[in-house]
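Down below is the structure, laid out as structure tokens.
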Amino acid sequence: MSYAGRVAARPSRPRRRYAAAPVAALAVGLVVAACGGGEGDAPGGDELSAEGPLTIAWYGSDARNAAVQEVVDIFGGQNPDLVIETQPTTFDGHWDRLSVQASANNLPCVPAMQSRYQTRYEDRGSLMPLEGLIEDGTIDVSGIPEEVVESNRNADGHIYSIPYGIWYEGAVLNLPALESAGVEAPDAGNDWSGYVDWAIAAQPDLGDSFALASQGGSITQFQMWALSQGEDLFADDAAGFSRETLVAWYELWLGAIESGATPPPEIAAEFAGVPTSESMMAVGLTLVSATGDNNASDMQITLDQNGLGAVSMALAPTGGKPQVVGANSWAISENCTNVAAAAEFINFFINSSEGAFILQTQTGLPPATAVAEEMLASADVADSIKERIALYNEILAAGGYVDIWPDGTQALVGQFTTSWEEVMFGQTAPDAAADAFIAQVETALSGF
Amino acid sequence: MAVTTARAHQRRRRPAGSGAGADQGWTETRRATLAGYLFLSPWLLGFFGITALPMLGSLALSFTNFSGSFSRMEWVGLDNYRIMFTVDPAYWGSVRVTLLYVLLSVPAMLVFALTVATLLNKGIRALGIYRTVFYIPSLLGSSVAIAVLWRFVWGESGLVNAVLGVVGIDGRSWIGNPDTALFTIMVLNVWTFGSPMIIFLAGLRQVPTELYEAAALDGAGRRARYWYITLPSISPVVLFNGILATIGGFQAFTQVYVVSGGTGGPAGSTLFYTLLLYQRAFTELRFGYASAMAWALLVVIAAVTAAVFASGRFWVHYGDGEER
Amino acid sequence: MTAVAARHRPHQVSHRVQRTFIHVGLVSAAFVMSYPLLWMTASAFRPSEQVLVEDSLWVSTPTLENFVNGWTSVAQTSFGTFFLNSLVISALAVLGNVLSCSLAAYAFARLRFPGRRVWFALMIGTIMLPYHVLLIPQYLLFNSLGWVDTFLPLVVPRFLATEAFFVFLLVQFFRLIPKGLAEAARIDGCGHARIFGQIMVPLAVPALATTAAFSFIWSWNDFLNPLIYLTSQGNYTVPIGLALFVDASGTSNYGGLFAMSLLSLLPVIGFFLAFQRLLLDGISTTGLK
């Protein structure tokens with residue numbers, strides 16, 4: 001091959017030295033292309049735009065999406081001249097899509113938000129401040145406890161998201177199975193070390209099942225642990241927990257594995273990414289764990305199939321300290337052209353008891369107190385749902401609040417699990433792992 | 001003997017009389033140039049309109065801290081690259097995982113594909129059915145169902161352990177153990193060998209039969225025919241499959257995303273480079289940083305590909321007499 | 001005569017033995033390869049709650065409910081719409097790829113023009129960048145054209161040979177075709193268009209069939225691009241529909257997932273089988289004038 005041929009055959013690689021100017025121009029070009037929408041003031045009353053279709057996006061599985069669609073259709077029936085487009089998709093798909101749309105200022109009018117994801121959109125100016133609409137009553141949040149609404153207030157003083165469903169993680173126990181093994185259930189006022197002690201004591205009576213599923217990789221339960229120690233996950237610009245707390249957490253669960261009260265590392269890792277209906281609780285491998293409150297029914301279906309017992313929820317082990325809950329919310333995007341319809345829709349959705357009964361808490365527990373009361377009193381609502389509502393009321397009464405995560409922290413969920421798995425498999429010592437994870441938290445919080 | 005047969009065959013094909021009339025040669029060049037660009041015009045339009053601009057855009061982004069909002073974007077120069085190589089704790093781990101994967105599973109998959117394609121090329125009956133059966137796994141390889149299937153096969157109480165149990169071996173959780181989880185992904189790659197196999201088969205089918213006839217007349221046995229005729233004749237296809245499997249290996253994403261649930265497996269043992277890139281881009285919204293990761297990867301892939309192409313001079317034989 | 005016959009007989013026997021071994025090998029390999037899929041097929045006919053519990057291939061209580069409720073359970077539309085959308089997009093992708101990639105490949109493989117090597121290298125280069133980082137720049141591009149929520153971003157690039165995989169594939173296959181045929185045609189006065197249409201294309205049918213089959217399959221299975229560009233439910237494609245069956249944010253429906261996955265394999269397999277015949281016919285280059 002000739003020299004010329006060989007040179008030409010190399011794929012051209014841009015020379016960075018000389019590329020600064022055209023590359024900068026390209027970046028400017030991208031900015032211009034993406035230009036649109038700035039940060040507006042909170043709108044109010046008469047000046048609301050009202051053109052074009054109302055686009056609503058949310059996430060869920062088939063069954064859940066169908067229920068939400070039904071509620072949307074009722075709203076549509078009340079507004080026959082309004083064109084409504086719905087864009088439901090999978091949970092991960094929803095955020096992937098929103099990220100791309102946000103960068104082009106092309107978000108749907110009403111995107112679903114969640115307490116661990118919303119800050120990133122709020123901080124980037126993609127969402128419209130809503131307190132004006134709240135104050136003048138266009139969106140009526142009077143039925144929702146004030147602290148729940150206030151929890152959604154962003155650090156910049158605006159409220160961008162309005163909760164329509166509350167979820168929380170609590171302990172889940174297979175009481176019938178425990179009973180038949182002659183073991184007493186753990187005390188709900190415990191913290192996690194209390195639960196582990198209970199598990200170690202109970203294990204000898206339990207045969208093939210394990211008393212407790214390891215929570216070592218669950219950042220939510222670690223948060224409960226931190227809360228029980230008087231700390232928290234995040235504090236302004238740094239981690240809200242101390243190194244000692246995290247090391248104690250790792251060692252707690254290492255001890256549990258060693259004593260055989262929780263499944264060995266390989267099994268735990270195998271079940272790590274598994275959907276609820278296949279989880280260790282669902283197949284009866286473990287008898288106590290922690291999970292989201294809306295997962296209990298999924299577990300129950302599989303348990304029923306094999307006659308392995310029944311699950312019920314309890315407070316998360318915070319040793320009596322207030323625990324945190326999460327929220328699913330609606331927001332209005334900055335680039336929405338039909339804010340009037342968007343506000344009406346949100347108002348309808350959060351206050352409609354008809355909607356709540358259709359949804360059957362698939363999208364979270366209704367935050368409006370009156371609606372929740374109605375469900376508690378109704379014969380059409382399953383007992384398990386009533387239990388979850390009652391538990392939520394307990395949490396609120398004990399000082400629970402909606403925990404909004406800072407921007408950039410969502411990745412920590414996976415990183416926490418990886419960090420624990422490295423400890424669990426003996427690849428890293430708890431001290432080193434704790435230092436490394438705290439460093440990751442600080443990187444995430446430092447913003448970019 | 002058979003070597004000279006094949007090579008001589010090629011030499012005989014080279015056009016004679018290239019000097020017949022300088023005028024005709026010149027118009028020939030002009031016609032070829034015009035025709036060349038005409039035929040290439042759809043690709044040129046696609047390249048400049050749809051591919052090149054976004055690629056350059058992502059290169060530009062790699063020098064910024066773009067994270068979803070253009071109005072808050074800032075130029076950071078080489079900072080992303082610096083962080084990537086020296087600060088990011090997961091980076092070199094992902095490089096290691098990806099390199100292991102490319103070095104081990106790509107050759108294995110290609111050998112397997114070529115073997116099966118050769119067997120299928122022998123004109124056995126029910127060829128169509130076998131071919132389809134072997135191809136179906138690669139259809140499922142990127143679907144959501146594969147996560148369930150793969151756990152079903154490699155889990156603690158899965159198929160593989162059931163089979164091993166029959167032979168008396170006590171299996172472990174292959175998918176839950178960081179030492180073996182990557183191996184299961186490699187097997188998944190080999191399991192979805194259908195595409196390269198089909199391409200090998202198509203290439204085998206295009207080998208001119210008279211080459212075989214000539215060699216048989218010369219007395220070459222089956223093994224000699226395979227080694228001296230079949231392999232060299234399909235060497236352009238081997239190059240193709242090799243390069244694309246390698247590039248694909250470096251960029252492996254969908255399968256590992258689905259099987260590990262997007263986490264990178266137990267203790268980061270299946271955290272492939274592109275999976276880490278996806279996490280940084282979409283979970284952490286660090287698009288500028290992810291673009292830097294992408295371009296670093298491109299440089300490596302380009303280097304490897306160029307090397308393989310260059311090596312082609314020694315073992316790839318084209319029927320048109322060119323050695324490039 | 002007898003000597004020749006004697007030489008052939010052991011050859012025939014070992015030939016048949018070899019055939020049997022090949023068959024046995026292929027059958028067992030096929031079974032091992034297919035077991036996970038056979039299990040999935042069996043599970044599609046099991047009641048949804050039993051799916052994850054049973055790992056044998058035997059279905060004790062077969063039912064069609066997964067197919068029925070999988071098809072209809074989607075909010076606002078049926079799975080049939082997803083199938084239709086996927087079919088339209090994939091068919092157009094096949095057409096676009098076969099046309100544009102073969103044109104470009106002919107230029108690269110057979111025509112000598114200045115800049116050819118540079119373009120070729122750039123073409124290969126386009127495969128090397130992970131598509132995730134192209135997502136946002138391309139979205140901005142298509143958004144400014146107003147193509148979001150249409151099929152256009154998924155189809156138009158196919159007509160512009162943006163899938164370099166196929167261009168490269170066809171280049172390699174075109175180069176397998178001996179030059180002499182084209183030379184002879186040129187001396188006879190054929191233009192490049194005729195050479196392309198009447199010599200190269202017919203001889204590269206196996207490669208074109210491969211291109212068609214893979215185009216269809218990849219387009220059918222594409223998840224991320226339809227997710228980003230198709231926002232109305234009526235435009236969704238099959239992979240998105242499938243993902244909705246098993247999402248962590250709601251009740252999972254494994255029976256539905258497997259039933260619909262099975263159904264969605266059928267067009268792909270069908271397409272594949274149809275094009276197999278073209279792959280099957282090897283072409284001898286002698287006697288073609």
Side-chain angles (χ1 to χ4, degrees), chain B residues 13 15 32-33 35-37 39-40 42-43 45-46 50-51 54-55 57-58 119 128 130-137 139 142-145 149 152-153 195 198-199 201-202 205-206 208-210 236-237 240 244 247 251 274 277-278 281 287 290-291 294 297-298 301-302 305 318-321, chain C residues 22 26 30 33-34 36-37 40 55 100 103-104 106-107 111-113 124-130 132-134 136-138 141 157 160-162 165 168-169 172 175-180 183 192 206-207 210 214 217 221 242-243 246 257-258 261 265 268-269 272-273 276 279 282 284-286:
Chain B
R13 293 276 176 162
T33 309
Y37 277 97
F39 273 90
L40 207 59
W43 180 80
L45 183 58
I50 297 181
T51 313
M55 275 181 83
S58 79
L119 286 176
Y130 278 125
R131 201 160 44 200
T132 315
V133 164
F134 283 120
Y135 189 71
I136 290 183
L139 294 175
S142 51
S143 87
V144 193
L149 281 175
F152 163 71
V153 171
S195 302
I198 296 294
I199 294 177
L201 200 54
R205 286 270 156 199
Q206 262 191 237
T209 45
E210 67 262 20
V237 179
F240 172 80
L244 282 163
I247 296 182
Q251 295 186 7
T274 318
L277 193 156
Y278 169 84
F287 288 116
S291 299
L297 182 66
L298 182 147
I301 294 182
T305 306
Y318 292 100
D320 51 21
Chain C
I22 293 181
L26 281 177
M33 305 258 330
S34 323
L37 289 149
M40 191 183 98
D55 55 349
S100 61
L103 288 173
Y106 180 65
L111 300 173
R112 307 190 94 88
F113 51 94
I124 304 283
T126 62
I127 309 181
M128 300 182 192
L129 198 68
H132 296 105
V133 297
L134 291 178
I136 288 193
Q138 278 182 338
L141 175 70
L160 299 178
T162 51
F165 177 92
F168 188 18
L169 174 74
Q172 297 302 89
R175 299 186 71 181
L176 286 178
I177 298 172
K179 251 187 173 175
E183 294 296 331
H192 283 291
T210 311
F214 285 176
I217 292 165
N221 283 333
L242 287 178
V246 187
L257 170 70
F258 287 147
S261 297
L265 271 182
V268 187
I269 296 180
F272 184 70
L273 281 174
Q276 269 208 119
L279 275 172
S284 164
T285 55
T286 56

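Any value given below was found using the heavy atoms of this structure, including those in side chains, with hydrogens, waters and symmetry copies removed.
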#### Entry: Non-neighbouring partners of C:Gln172 that pass side chain to side chain donor-acceptor pair (under 3.5 Å), sequence neighbours left out
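Checked C:Gln172 against side chain to side chain donor-acceptor pair (under 3.5 Å); matches are B:Tyr318.
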
Measuring from atom [atom1] of [X] to atom [atom2] of [Y], what distance do you get when rounded to the nearest 0.5 angstrom?
{"X": "B:Thr33", "Y": "C:Leu111", "atom1": "OG1", "atom2": "CG", "result": "9.0 Å"}
{"X": "C:Gln138", "Y": "B:Thr51", "atom1": "CD", "atom2": "OG1", "result": "6.5 Å"}
{"X": "B:Ser58", "Y": "C:His132", "atom1": "OG", "atom2": "NE2", "result": "13.0 Å"}
{"X": "C:Leu134", "Y": "B:Ile50", "atom1": "CG", "atom2": "CD1", "result": "11.5 Å"}
{"X": "B:Trp43", "Y": "C:Thr126", "atom1": "CH2", "atom2": "OG1", "result": "7.0 Å"}
{"X": "B:Ile199", "Y": "C:Phe214", "atom1": "CD1", "atom2": "CZ", "result": "4.5 Å"}

With a 4.5 angstrom heavy-atom cut-off, which part of [X] approaches chain B: side chain, backbone, both or neither?
{"X": "C:Phe168", "answer": "both"}
{"X": "C:Leu129", "answer": "both"}
{"X": "C:Leu169", "answer": "both"}

Heavy-atom closest pair, residues [X] and [Y]:
{"X": "C:Leu103", "Y": "B:Pro42", "value": "CD1-CG, 4.2 Å"}
{"X": "C:Val133", "Y": "B:Ala290", "value": "CG1-O, 3.6 Å"}
{"X": "B:Met55", "Y": "C:Gly125", "value": "CE-O, 4.0 Å"}

So what's closer than 4.5 Å to chain C heavy atoms on [X]: side chain, backbone, both or neither?
{"X": "B:Ala281", "result": "neither"}
{"X": "B:Phe287", "result": "side chain"}
{"X": "B:Leu40", "result": "both"}
{"X": "B:Leu277", "result": "side chain"}

### Task
For residues B:Leu244 and C:Ile127, determine if any side-chain heavy atom of one lies less than 4.5 Å from a side-chain heavy atom of the other.
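Of all side-chain heavy-atom pairs linking C:Ile127 with B:Leu244, at least one is under 4.5 Å.
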
### Message
Applying side-chain contact (heavy atoms from CB on, under 4.5 Å), can you list everything that pairs with B:Leu45, at least two apart in sequence or on another chain?
### Response
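With sequence neighbours excluded, B:Leu45 shows a side-chain contact (heavy atoms from CB on, under 4.5 Å) to C:Leu160, given in chain and number order.
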
### Message
Just so I understand: if I count every heavy-atom pair under 4.5 Å between each of C:Ala107, C:Ala104, C:Pro130 and chain B, which residue has the most?
### Response
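Most pairs with chain B among the choices: C:Pro130.
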
### Message
I'd like to know which of B:Val133, B:Ile247, B:Leu149 tops the heavy-atom pair count under 4.5 Å against chain C.
### Response
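Of B:Val133, B:Ile247, B:Leu149, B:Leu149 has the most heavy-atom pairs under 4.5 Å with chain C.
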
